[in-house]
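Within every chain, numbering begins at 1; the chains are lettered A, B, ... in the order of the sequence lines, protein sequences first and strands thereafter.
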Protein chains: 2
Amino acid sequence: MTAPRDGIAALAAQMAAHGTERDAPVRAVMALLGDRWTTLILLVLGMGAWRHAELKRVLAQLSAEQAISQRVLTLKLRTLERDGFVARSVTGDVPPRVSYTLTALGQGLLAQAQGLIGWIQEQSGPIRAARARFDADA
Amino acid sequence: MTAPRDGIAALAAQMAAHGTERDAPVRAVMALLGDRWTTLILLVLGMGAWRHAELKRVLAQLSAEQAISQRVLTLKLRTLERDGFVARSVTGDVPPRVSYTLTALGQGLLAQAQGLIGWIQEQSGPIRAARARFDADA
DNA sequence: CCGCATCCTAGGCGATACTG
DNA sequence: CAGTATCGCCTAGGATGCGG
């Protein structure tokens, strides 16, 4: 045991907060931010309201690489809606006219994501350097 | 188009920052925080230095549910080491005696993770409420 | 004690085709 | 246009056994 064991209680509390069930908010939301598309969707929705197809197009353009599939876009939007981060409003039946916006909660999440992105970007020099060092000894 | 299109440039910059390649630091690190174990490992390493087997045991105890497999623990530690977040030091050959600690960079990452966890936890009430509402209309 | 190799399963994601 | 259904891939992660 090389680590100080005082503070185990505090640690345990934090780990419990992180969530032992897979769908506990903390774990679920962190998984969202870490997945392939959610953060990008939040960034785009941060600019205002978008309809499904537009959102798909913009994501394709701006993220370059390959487009998000319609299935996954719907899936991610559903998840975000369920957790209260985006609002979905329908006007028109055939053809459907659905638009998505961030809720206040969603704007808070976006802010968190942007903070994180900012920090990582500031550290990307050191990170790349560490990788280069590590890969060199291989 | 329901969204304001001014600011597309700024958006594009942010999305580029987020990374178009899968291993760009921003995307990679956010994926790390979102995965099953990395954040928990950071929390534990935040308390000091740990040897591999101890770390495995503590994770098992504190996260309750099932233990991390040895394979994955090694894998995650390698990734964190490669990116410069943890330092690995070996003393002794057979049996090996390996201990892991956070680097300064890793402590920074831990702080980010804790900030995020804190925010999500504060919002977990509204999130759960939103879920309940959503699931009710199903 | 630590790490690697092997095998296996669950889930994320993409592609396509179909309805209202 | 929005959503669903079906399929197939690929990767994260678990279990076990070996070697240094």
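Nearest approach of A:Met15 to B:Ser63, heavy atoms of both residues: CE-N, 3.9 Å.
Taking the side chain as every heavy atom from C-beta outward, A:Leu73 and A:Leu59 approach each other to under 4.5 Å. Between A:Arg27 and A:Asp23, every side-chain heavy-atom pair lies at or beyond the 4.5 Å cut-off.
C:dC1 atom C1' lies 14 Å from atom CG of B:Leu55, rounded to whole Å. Note: OH (A:Tyr100) to C1' (D:dA2) measures 7 Å, nearest angstrom. In this structure, A:Arg78 places its CZ atom 7 Å from C1' of D:dG3, rounding to the nearest Å. The distance from atom CG of A:Asp23 to atom P of C:dG11 is 13 Å, rounded to the nearest whole Å. At whole-Å resolution of the value, CG in B:Leu73 and P in C:dC2 are 10 Å apart. In this structure, the NZ atom of B:Lys76 is 14 Å from the P atom of D:dT11, given to the nearest Å. B:Leu32 places its CG atom 15 Å from the C1' atom of D:dG13, with the value rounded to the nearest Å. To the nearest angstrom, C1' of C:dG3 lies 13 Å from NZ of B:Lys56.
Side chain of A:Thr79 to main chain of A:Leu75: a donor-acceptor pair is present (N/O by atom type, distance under 3.5 Å, no hydrogens or angles). Under the 3.5 Å distance criterion, the side-chain polar atoms of A:Lys56 are matched with a main-chain donor or acceptor of A:Ile68. Side chain of A:Thr103 to main chain of A:Gly84: a donor-acceptor pair is present (N/O by atom type, distance under 3.5 Å, no hydrogens or angles). Under a 3.5 Å cut-off, the side chain of A:Thr39 and the backbone N or O of A:Leu33 do form a donor-acceptor pair. Formation of a donor-acceptor pair under 3.5 Å by the B:Glu54 side chain with backbone atoms of B:Arg51 is found in this model. Side chain of B:Trp119 to backbone of A:Gln112: no donor-acceptor contact under 3.5 angstrom is found.
Contacts between residues 14-22 of chain B and DNA chain C, counted as heavy-atom distances below 4.0 Å, involve no residue at all.
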- Take A:Met30 and B:Ile117 through the test side-chain contact (heavy atoms from CB on, under 4.5 Å) and record every step on the way to the result. CA-CA 8 Å; A:Met30 290 186 73; B:Ile117 290 175; 3.9 Å; yes

- Would you sort out whether B:Ile127 and A:Phe85 count as a side-chain contact (heavy atoms from CB on, under 4.5 Å), showing the intermediate values? CA-CA 8 Å; B:Ile127 293 173; A:Phe85 296 121; 3.8 Å; yes

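If you check D:dG3, C:dC2, D:dC1 against the side chain of B:Ala53, the one that comes closest is C:dC2.
Where the helix from C:dC1-D:dG20 to C:dG20-D:dC1 starts and where it ends, the local axes point in directions that differ by 30°; five pairs per end, rounded to 10°.
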- Task: Summarise protein proximity over nucleotides 14-20 of chain C in one line of letters, 5' to 3': B for base, S for sugar-phosphate only, - for none, counting protein heavy atoms closer than 4.0 Å.
- Result: BB-B--B

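Distances shown here put every side-chain N or O of A:Arg51 at or beyond 4.0 Å from the OP1 or OP2 atom of D:dC1.
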